[in-house]
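Worksheet: one structure, shown below.
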Amino acid sequence: MADVLANASDIEKLYEFGERLNESKDKSKNVKDYEGIIRAAKGSVKAKQLAAQLIPRFFKFFPSLALQAVEAHFDLCEEDELGIRVQAIRGLPLLCKDTPEYVPKIVDVLGQLLVAEENVERDALNKALMCLIRQDTKASLTALFKHLQSTDEPNIDERLRGQVLSFIKDKVFPLKAELFKPQEQMERHITDLVKKSLQDVTGAEFKMFLDFLQTLSIFGDGASREHVQELTEIIEQQADLTEEFNVSDGDHIDRLISCLYMALPFFKSGASNSKFLNYLNKHILPVVDKFPEERKLDLLKNLAESSPYTASQESRLLLPAVVLLLKKYMPQKKTGEEMNFTYVECLLYTFHHLAYKTPNATNCLCGYKIVTGQPSDRLGEDFSDIYKEFCERLTTVEDLARITMKKLNQGLPEHDKALAAAKTEEDKAIIRIKKQNMATGLRTCNNILTMAQPLRSKSPSFIGDDKITLSWKPVTKSSEPSTTVGSGNKRPATGANVSNNAANKRVRSDGGGLQSPLVNQTSKGVLRGRKGGASGRRFSEHERGEGDVKGQFVSRSLKGLFRGGRSGGGGRGRGRGRYGRGRHYQ
């Protein structure tokens, strides 16, 4: 009974403090009243609820008590009673209304509280944060992003980090047009914050940030080449192109391949791919044969897609490694062993585009006689044995491609019959996938024939345009003439250099309609890298935005034509990761 009376007395006193402050014309003189309100934050439940309302209301009048008031209010935000916490959270923005210097500190605390589980509490937190972000966007986001940036703390709260990231992604980014003013200044500031946060991200988070940056006006449609190059450099840093490469480090392999893929659109927009390709040439291509099969295919596909945007200098550097790989995967004779057609397609495509930029570099590599008038033509040297061997491999590859195309065409009607006879939707789906893979296998073989034939001349034609559509890419129609180069001169397409569209028409007539490649929805897990820590996230091999062929085509695998394409990955890694606190790419 005595406690009840004491509590009632405390509440009465609080109302008196509040009334005197309301009525006072010079509130700064009512120091004892405000001190009484601050002390009430340690009182009964009802006293705490009332203190949570009164502390922010009169906060601006007592700068000498500001530290005590803020600390008392923070304590209220951590009370066991939900009603007290919610009331205190709602009052936090009021502390900054007339004292904006407190915005960073209050935002930091609100960010820490985002792990709240109660819906009403989360709603109060979201509204309080948005109120402060609208008051001072720059200071608020700077404080909030600190929860995402790499630190030396050994035990970071992963759940807190995830909640802060979700808030930024779901609440802040969609309102960028309203919040980022002045636009260019704020876009540059948010870009700098994102860059600092990328030291410690999963692959999915990295792609999310990269996608967001591209929605900013400075990086969007019509962005300057400097800004496009800036995005490319962000990806290069994520790929760790300054690190020594260890072929047993699956994390670095996945990170490199994923980043190379994400950089492809920027290469198309004029950004330089020289750092990536120099790293590939020095560290990767010499040991690519030791890669896991799926990673090897991913790398070769990305290399092929990068090759049209490679400068002459990098093309000359890369060609020897590409020719070595071609000789490895193109058999000299029919031995009965499997040939990976997708590897050969990737490498022939890469070879054509690199050789187109520096044709005479192929003289010593393939035995050609291309004349450019430069000493590097090396026309006085005898490379006839090299030429003979290279042509033998090309002939063998063409023969194998024709044989395999015949088998594939013969198998398509059987799949049509099986599809008609299938009784369940599940069975039909399986058959459609098999038929789709066979159709893509035909495209692979057709591309190989199209690219191999012009290379058997002493003065070959190199395909340097986009008339070849790689088998895992959507087919595009084009009526423009093909651009080839031979002996240092450009000339129109010939019968040997038939466009891929024409080749696809032949496939259709032989074996039914082609279908678009099988869409492979890759998992969204990915990279993070911090020093120390126990658990990690893996960087999925690609955050692809388009359909992918699921596999690679090998000559004797007609029951399963495509194996190990842009495969899904994901999941959390365990143990300490090389790239920081155990966050890995896969």
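Only this structure's heavy atoms are used, side chains among them; waters, hydrogens and symmetry mates stay out.
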Once the angle between the rings of Phe276 and Phe267 is folded into 0 to 90°, is it parallel (under 30°), tilted (30 to 60°) or perpendicular (over 60°)?
perpendicular
Quick one: closest heavy-atom pair of Thr137 and Leu179, and the distance?
OG1-O, 3.5 Å
Tell me yes or no: between the side chains of His189 and Thr142, is some donor less than 3.5 Å from an acceptor?
yes
Can we say Lys195 and Glu233 salt-bridge, meaning some charged N sits less than 4.0 Å from an Asp/Glu carboxylate O?
no
Determine, for Lys207 against Asp211, whether the closest basic-nitrogen to carboxylate-oxygen distance falls under 4.0 angstrom.
yes
Is a salt bridge present between Arg188 and Glu230, judged by a nitrogen-to-oxygen distance below 4.0 Å?
yes
Can you check whether Phe180's main-chain N or O pairs, donor with acceptor, with Glu187's side chain at less than 3.5 Å?
no
Quick test of your reading of the model: are Arg161 and Glu205 salt-bridged, counting only N-O distances below 4.0 Å?
yes
Are the charged groups of Lys328 and Asp289 less than 4.0 angstrom apart, N to O?
yes
Check the angle between the aromatic planes of Phe173 and Phe209 and answer parallel, tilted or perpendicular using the 30° and 60° thresholds.
perpendicular
Check the side chains of Arg443 and Asn446 for a donor-acceptor pair under 3.5 angstrom, ignoring hydrogens and angles.
no
Between Asp240 and Tyr279, does a side-chain hydrogen bond (donor to acceptor under 3.5 Å, both in side chains) hold up when you go through it step by step?
CA-CA 10 Å; Asp240 281 323; Tyr279 191 85; over 6 Å; no
When the aromatic ring centroids of His352 and Tyr356 are compared, is their separation below 6.0 Å?
no
When the ring planes of Phe351 and Phe462 are compared, do they come out parallel, tilted or perpendicular, using 30° and 60° as the limits?
perpendicular
Verify whether one side chain among Ser471 and Glu345 offers a donor that lies under 3.5 Å from an acceptor in the other.
yes
If the threshold is 4.0 Å, N to carboxylate O, is there a salt bridge linking Asp298 and Lys301?
no
Is a salt bridge present between Glu305 and Lys473, judged by a nitrogen-to-oxygen distance below 4.0 Å?
yes
Salt bridge present between Arg393 and Glu389 (N-O < 4.0 angstrom):
yes
Could you tell me whether the side chains of Arg316 and Asn360 share a donor-acceptor contact shorter than 3.5 Å?
yes
